[in-house]
Amino acid sequence: MSSDGDIKTTPRGFQCVLCNVNLPNMSSVDQHVKGRKHQTLSSVRTTRKTHEERSVFVSGIKPEVSQSDLTEHFQQFGPIADVIMDKEKGVFAIVQFAETESAHAALTCVEHLMKGLKLRVKPRERKEFKLIPKKRNDAQSLEQMFERLKPELCQLPSVDAQMQYVVERLQLGENEKKARELLVQLLQEIFVEFFPDSEILPFGSSVNTFGIHSCDLDLFLDLENTKTFQARAKSTTEQVGEGVSDDGRSEDSILSDIDLTTASPAEVLDLVATILKRCVPNVHKVHVVGTARLPVVKFQHHKLNLQGDITINNRLGVRNTRFLQLCSGMEERLRPLVYTIRFWARQKKLAGNPSGAGPLLNNYALTLLVIFYLQNCEPPVLPTVEQLKDMACEEEECVIEGWNCTFPSQPIAVLPSKNTQDLSSLLAGFFSFYAKFDFASNVVSLREGRALPVVDFLGKGKEEEENPPKGSRQHPKLGSMTLLDPFELSHNVAGNLNERSHHNFQRECQEAEKYCRSLQYQHKSAKGKSWGLVRLFTPHGEVSLNKAEQLSISIPFKSTSLPEAMRSELHTAGEDFRRLWFQKVLSAVEQVFRAVLQCHLTVSSDAAAGEEAAEGPPASMNSSGNDSFDGVPPQTEQSPQDAVVVGAKRLLSSGSDTSVSPQGKKARLMKRGKPDAPPWICTQKYPVWAGRRKVKREILKGPDSGAEGSCAELESKVTAHIQEKEAQLKEALEFRVQPQVVGGTESTKAVLRLQPSSDKPGAFHDFFHFLEVFVPKMVDTLLEKEAQNQMTCD
Ligand code: UTP
């Protein structure tokens, strides 16, 4: 059966209704349709359909009628493939013929008399083939939970009551907590047999007061004391003689296979996995995930229906769990807020990475975002981590892996907050806080309870590399969102987010902020309509973006795209760094379109574009050897960044801007809203976005695989290969690319707005989705390459 009917367009791309999966673009649709899952289901469906066509439904039988009676009767119409009887009740049977014609013949026969019975023979009911998905604990049960919650929430009198109710309904019940405790106890008893003096400590949602039904059980297997035990046993063995350790354990115990002080985490985890598999009842699906930031052993407990993770190096996790417990104890509004925001984030697909890894926020990060917001309320709802440290007494001092993790052990040690806002206004405040938060310019620090300028982190890397201060630490990985762990200050808890997930988070906050200002947020509907949290939680699938927003590609000014050499070049450019960076980005974007994707590129010759070009920065900003262009008027085959260099009448942020605050500049830039470079007109005749990964694999396997070359060169080869092998598009794609620089001095972001000349969905839609990810990535690569080249020249 053709797959055409299985693919439906949705506001976010496509959906395969057969396999129940969402697909972002046509190339993923192509790949999906050729993939194993779709192929298997299609063939099952075809077989099922054929069976249906070849079978008849027989009723009027009696329990004493046998399969062979029916076979004997019906084989007069053709060979029988199978007879399925409703044995229990003995009222019907399905007779399946080997050929469709036989079924037709049986159906056209006027009377079926068999052993004195008058059989009724009807066509088999045609059922729509549907994939019954395997029960996915989290996503599915959350959806079901929301369906159940909806009417209940609507009945409640206020948003505050709704938020409290969410906690009540989602939180771990007493029995669930007890069951987890018992499992931890059992694991402790088993592990101590193999790892004497070891301790198994739960952390994360099971114990941090934010756990929900079916949340993971995170465990830390502390082997510190076992190491001491082992060292002691070793020295005793040496003294006493081979074979027996100090407590009489024989040398063939599991510990004799491994030296914990020298074993790699992978070796220890393998051992842990073996113990789980062999010794813990009801545990299955045990496997080691060695690639995670903190390698873990994953397992499932099928009686308790829960997923567990065991790590062997997460003392900080245990400590930050204590911190979350403390925060909950200090401030009773925290739990309803966290539960509500976690639920909202799951519904909007902002959090809950499938299988743990992915570009979405994790629950820990979300909780920290809530705490940070509460630290920034006026007056603050929660103190900063630094303030908490000062409230602790001497016995509470705690340093783990060199990080200061001191805070009071009891909430009583902390003065209550003076903030009296109710839950609904705090929730609305959360959305407006993050809707506006400038993540590009700031690092979120719970330690200090304030946003730290990202520029402070940019310079440091290099300085410290050259002259590392005593006890200095690695810097956090700056990303589209940098959320510092409150204790492990070199860890960006949101480092896994990509530009898109960060953008989605802020966009959803903006949507939610708008909603919270509407009547439906605060006022219970007298007509029983959705209101309050119910509307906030409703997954909208349809994102009400305007067209311009939908078709824009963002390239943020972020450190990950800044190689060291370029960082210092920009650093020395001072106030000019913004324009210098934009120019470099434009040059890289042009290379991506022209050289890598082999698009035909011209500068738009329309009048508006000419004017726009005049808005560009001055010749002085040209730092990449384009001086020869000085004073030459823009030409049609000229690139925007050339035009930026040559056609300048006014500075993007002119000399006088130095006296203006970044905010002032930003406001003016936004207000002016004019593009900062003339648009390109781009044409692409081939489906260069489709199947690139496969082509790349082939190239890498082929004779060229060992050849020297950059990532950009490899991507150009991929494009060339596609152009050579694939047919041209029926209609070439033509679109306008309008580059613009937006944001304040430190939140600089290059935005490319794309506008197709014909509004045909499908191919352009696919190309855009590809470009959205590909262009920023390639720009990073090319900037790095440029910096390397510059270094070589120097
Ligand atoms: P999760 O993000 O899984 O949070 O991190 P959670 O509260 O347990 O939520 P579930 O399990 O998804 O329901 C689990 C724990 O891992 C530590 C924290 O202690 C967190 O509570 N963690 C997580 C870190 O220390 N750093 C991280 O970056 C992430």
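When a ligand or atom number is given, it counts from 1 through the structure's own listing order. Only this structure's heavy atoms are used, side chains among them; waters, hydrogens and symmetry mates stay out.
- Under the 30°/60° scheme for interplanar angles, the aromatic rings of Phe439 and Phe505 are found to stand perpendicular.
- A side-chain donor-acceptor contact under 3.5 Å links Gln325 and Arg322.
- Under the 6.0 Å cut-off for aromatic ring centres, Tyr373 and Phe433 qualify, their centroids lying closer than that.
- A cation-pi arrangement is found for Arg319 relative to Phe407, the charged atom lying closer than 6.0 Å to the ring centre and inside a 45° cone about the ring normal.
- Side-chain contact annotation: Ser501 with Asn504, donor-acceptor N/O pair under 3.5 Å absent.
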Set out, in order, the CA-CA distance, both residues' side-chain angles and the distance that settles salt bridge (charged side-chain N to carboxylate O under 4.0 Å, His left out) for Lys150 and Glu147, then state yes or no.
CA-CA 6 Å; Lys150 264 189 203 170; Glu147 284 310 310; 3.4 Å; yes
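- Ligand 1 is surrounded by Phe203, Gly204, Ser205, Asn208, Cys215, Asp216, Asp218, Arg293, Gly317, Asn320, Thr321, Arg342, Asn362, Asn363, Tyr364, His491, Val493, each with at least one heavy atom closer than 4.0 Å.
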